[in-house]
Structure formats: structure tokens, C-alpha cells
Amino acid sequence: MASKITITKNGPIHVQGDFEICDPNGNTFDLGGKDAWLCRCGQSEKKPFCDGKHKACGFVSEVSAEKR
Ligand code: FES
């Protein structure tokens, strides 16, 4: 399955499909074969992953591919 990356409305980046996420040293995060939700608001305490803080901080960002 190809990878799919979705920028959610007022929330994280949702990564699906065949992918891996590595730290700066090349070590791979163990995602257990699951989707990843990457923080986009900068408030997560589990970066690079979303921990839901975007809701409490009132993060607002709605993007559209049509606006490029
Ligand atoms: S996007 Fe969810 S905590 Fe940042």
C-alpha cells in the first residue's frame, strides 16, 4: 500500500500506509504497524506524535490543496 499523508483540520498530520519514522540518528520509532498522528501545533509532550493538546490550545489551521 502506498503512503497517504493527510493534514487534518485544526489537528495533526495523519500518516497511513507503508512508512517508517526515524529520529535524527536513524533509529526507527516502533509504531506497531499502526497509523501515525504527527503533531502540527507544537504543544504535544510526545513529539513528534500528537497527544491531543491541539484541542486544549485552540490550534487553528485548515489547509486546502486547491489553494496552492
Ligand atoms: S497536533 Fe495534536 S498535540 Fe499537536
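Just so you know, ligand 1 is whichever comes first in the structure, and atom 1 is the first atom listed for that ligand. All residue numbers in this chain count up from 1 along the given sequence. Quick note: numbers below take in every heavy atom, side chains included, and nothing from hydrogens, waters or symmetry partners. Just so it is clear, the structure is predicted and the values come from calculations on it, not from any experiment.
Although no hydrogens or angles enter the test, the distance criterion places a donor-acceptor pair under 3.5 Å between the side chain of S3 and the main chain of D18. Under the 3.5 Å distance criterion, the side-chain polar atoms of D30 are matched with a main-chain donor or acceptor of G32. Under the 3.5 Å distance criterion, the side-chain polar atoms of R40 are matched with a main-chain donor or acceptor of S61.
Around atom 2 (Fe) of ligand 1, the protein N, O or S atoms closer than 2.8 Å are C50 SG, H54 ND1, listed by chain and residue number.
Looking at residues two or more places apart in sequence or on another chain, you find a ring-ring contact (aromatic ring centres under 6.0 Å, His included) between F49 and F29.
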Mind running side-chain contact (heavy atoms from CB on, under 4.5 Å) on I21 and T28 for me, showing each step along the way? CA-CA 6 Å; I21 299 174; T28 304; over 6 Å; no

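Criterion: ILVMFWY side-chain heavy atoms under 4.5 Å apart, direct or through other members. Under it, L31 and W37 are not part of a common hydrophobic cluster.
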